[in-house]
Amino acid sequence: MTASTLPAPRLPGAAAWAAAVWLILAIAAGATGFFLRLPFPGPQLIILGLVVLTLVAGLVPSRLSAWIEATPLRVLVGVNATRFVGIAFLALAAQGQMNQAFADRAGWGDIATATLAIALVVTWAPITPARRLWYHAWNAFGFLDLVVAVGTATAVTLTGATPGVERVLTLPLSIVPTFFVPLFLANHVFIFRRLVRGS
């Protein structure tokens with residue numbers, strides 16, 4: 001059997017169910033205003049905890065970590081093309097419904113990360129040291145974008161700026177920090193590990 005005919009890796013059933021439950025809980029929390037009622041640093045601690053749990057789940061040897069290792073690197077990079085949600089941040093800020101500093105940093109950072117992910121996936125496979133260097137640079141940028149976004153949101157909350165970042169704590173945008181951000185942060189770690197290994 002050749003590499004081109006190998007079956008695509010399948011997400012383990014338990015991991016799929018866990019992700020579905022996680023997403024449902026994130027939607028419910030956003031819909032009920034749970035995150036808005038949490039005092040600082042409640043939301044930040046929840047996001048941090050979700051990042052840690054996601055990393056542990058993906059790094060500890062298991063069927064899930066084996067699935068991540070079997071997933072083509074360009075697929076792990078390509079999923080970041082969904083980060084065009086940054087456009088929504090910029091649009092809300094233009095309407096005066098979101099903090100401009102947060103929207104500028106998180107919005108443009110997400111758009112750049114998504115655009116560069118598409119460019120990398122459709123042009124180069126990371127099969128040479130020089131090409132892997134480009135992937136490393138993109139990966140570091142994408143990781144830093146998320147860290148800056150969370151940090152800016154925290155700073156805006158602490159200063160009590162108006163408008164703030166309340167819109168990212170309620171549906172539909174609340175699933176971004178409570179579901180997608182932990183997944184993307186962990187994904188950048190998984191990509192880094194694969195790049196270092198040259199796989």
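Only heavy atoms go into these numbers, but all of them, side chains included; no hydrogens, no water, no symmetry mates. Residue numbers start at 1 and run along the sequence shown.
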Side chain to side chain contact (heavy atoms under 4.5 Å, CB included) evaluation trace for Leu169 with Phe34: CA-CA 8 Å; Leu169 296 177; Phe34 172 76; over 6 Å; no

Leu59 and Arg193: CA distance, side-chain angles, deciding distance, side chain to side chain contact (heavy atoms under 4.5 Å, CB included) verdict: CA-CA 10 Å; Leu59 294 175; Arg193 185 174 64 164; 3.4 Å; yes

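Scanning both residues, Leu50 and Pro182, for their nearest heavy atoms gives CB-CG, 3.7 Å. Phe35 and Ala26 make their closest contact through CE1-O, 4.2 Å (heavy atoms, listed as atom of the first residue, atom of the second, distance). Annotation for Leu146 and Arg83: closest pair CG-NH2, 3.4 Å, computed over non-hydrogen atoms.
Hydrophobic cluster membership for Phe40: Leu158 (Ile, Leu, Val, Met, Phe, Trp, Tyr linked by side-chain heavy atoms under 4.5 Å, directly or transitively).
Pairs of residues two or more places apart, or lying in two chains, that qualify as side-chain hydrogen bond (donor to acceptor under 3.5 Å, both in side chains) and include a residue from residues 100-109 are Gln100-Asp104, Arg105-Thr152. For residues 27-44, no pair satisfies side-chain hydrogen bond (donor to acceptor under 3.5 Å, both in side chains), with sequence neighbours left out. Judged as a salt bridge (Lys or Arg N to Asp or Glu O under 4.0 Å), not a single pair has a partner in residues 45-54 (not counting sequence neighbours).
Applying the side chain to side chain contact (heavy atoms under 4.5 Å, CB included) rule to Phe84 yields the partners Ile87, Ile111, Ala114, Thr115, Ile118; only residues at least two apart in sequence or on another chain are considered. Partners of Leu171 according to the side chain to side chain contact (heavy atoms under 4.5 Å, CB included) rule, which considers only residues two or more places apart in sequence or in another chain, are Ile27, Ala31, Ser174, Ile175.
Looking only at side-chain heavy atoms (C-beta outward), Trp138 and Asn80 come within less than 4.5 Å of each other.
Note: Phe143 and His188 have perpendicular aromatic rings, judged against thresholds of 30 and 60 degrees for the angle between ring planes.
Within 6.0 Å of atom CH2 in Trp134, 12 or fewer heavy atoms from other residues, nucleotides or ligands are found, so the atom counts as exposed in its surroundings.
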